Amino acid sequence: MTTATRTPMATADTADTAERVTAPVLPADDRAGDGYDWTDTLEGTAWSVLPNRASEGWDAGSWPNIIFAVARTRDRAGELFGYGTCVEGDTSTHWFRSQDACFEAITAEVFFH
């Protein structure tokens with residue numbers, strides 16, 4: 001697993017272990033488009049759009065206003081699992097050491113929205 005070369009890196013705290021890590025930045029869309037345009041900014045980065053969630057295939061988000069993205073990378077201490085959201089143009093990112101903790105957080109946020 002490697003992070004795409006176009007993806008800038010920044011420091012962040014993991015939500016499950018509260019450790020400081022360097023991880024891929026979730027791109028922001030500085031154009032005046034909608035969420036569909038934002039998904040174009042993910043191309044060539046470490047991030048992928050997450051349209052569905054769980055084995056039942058529930059919708060993740062409410063396109064084009066709420067869109068989820070996921071990323072997976074590795075640092076010296078091990079794997080990192082992240083998800084991000086674009087909610088009406090505002091982006092946020094969450095990182096985890098545990099894949100299970102990341103999946104649980106995604107599920108909680110999917111149901112929140």
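Computation of the quantities below employed the complete heavy-atom set of this structure, encompassing side-chain atoms and omitting hydrogens, waters and symmetry-equivalent molecules. Everything numeric in this text was worked out from a predicted model, so none of it was measured.
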Considering only heavy atoms from C-beta outward, does the side chain of Thr14 approach that of Phe96 to under 4.5 Å?
no

If you group Ile, Leu, Val, Met, Phe, Trp and Tyr by side-chain heavy-atom gaps below 4.5 Å, do Val49 and Trp95 land in one group?
yes

So how far is it from Thr91 OG1 to Ile67 CD1, rounded to the nearest 0.5 Å?
12.0 Å

Please check if Trp47 and Trp63 belong to a single hydrophobic cluster, counting links between Ile, Leu, Val, Met, Phe, Trp and Tyr side chain heavy atoms closer than 4.5 Å.
yes

Provide the closest heavy-atom pair for Ala71 versus Ala46 in the form atom of the first, atom of the second, distance.
CB-O, 3.5 Å

Do Val110 and Tyr83 come within less than 4.5 Å of each other through their side chains, counting heavy atoms only?
no

Between atom CG of Leu26 and atom NE2 of His94, what is the distance when rounded to the nearest 0.5 Å?
9.5 Å

Identify the two heavy atoms, one from Tyr36 and one from Asp34, that lie closest to each other, and give their separation to 0.1 Å.
N-OD1, 2.9 Å

Shortest non-hydrogen contact from Gly78 toward Arg97
O-NH1, 3.1 Å

Report yes or no: do Ile106 and Val87 belong to one cluster of Ile/Leu/Val/Met/Phe/Trp/Tyr joined by side chain heavy-atom distances under 4.5 Å?
yes

Strictly distance-based, threshold 3.5 Å: is any side-chain N or O of Asp37 a donor or acceptor partner for the main-chain N or O of Asp40?
no

Ile66 and Leu42: same hydrophobic cluster, using ILVMFWY side-chain contacts below 4.5 Å?
no

Roughly how far, to the nearest 0.5 Å, is the CD atom of Glu88 from the OG atom of Ser62?
9.5 Å

Short question: side chain of Asp16, backbone of Ser98 - any donor-acceptor pair under 3.5 Å?
yes

Closest non-hydrogen atom pair, Thr22 against Met9:
CG2-CB, 3.8 Å

Quick one: does Thr73's side chain have a donor or acceptor within less than 3.5 Å of a partner on Leu80's backbone?
no

Is there a donor-acceptor contact under 3.5 Å from the side chain of Trp38 to the main chain of Pro27?
yes

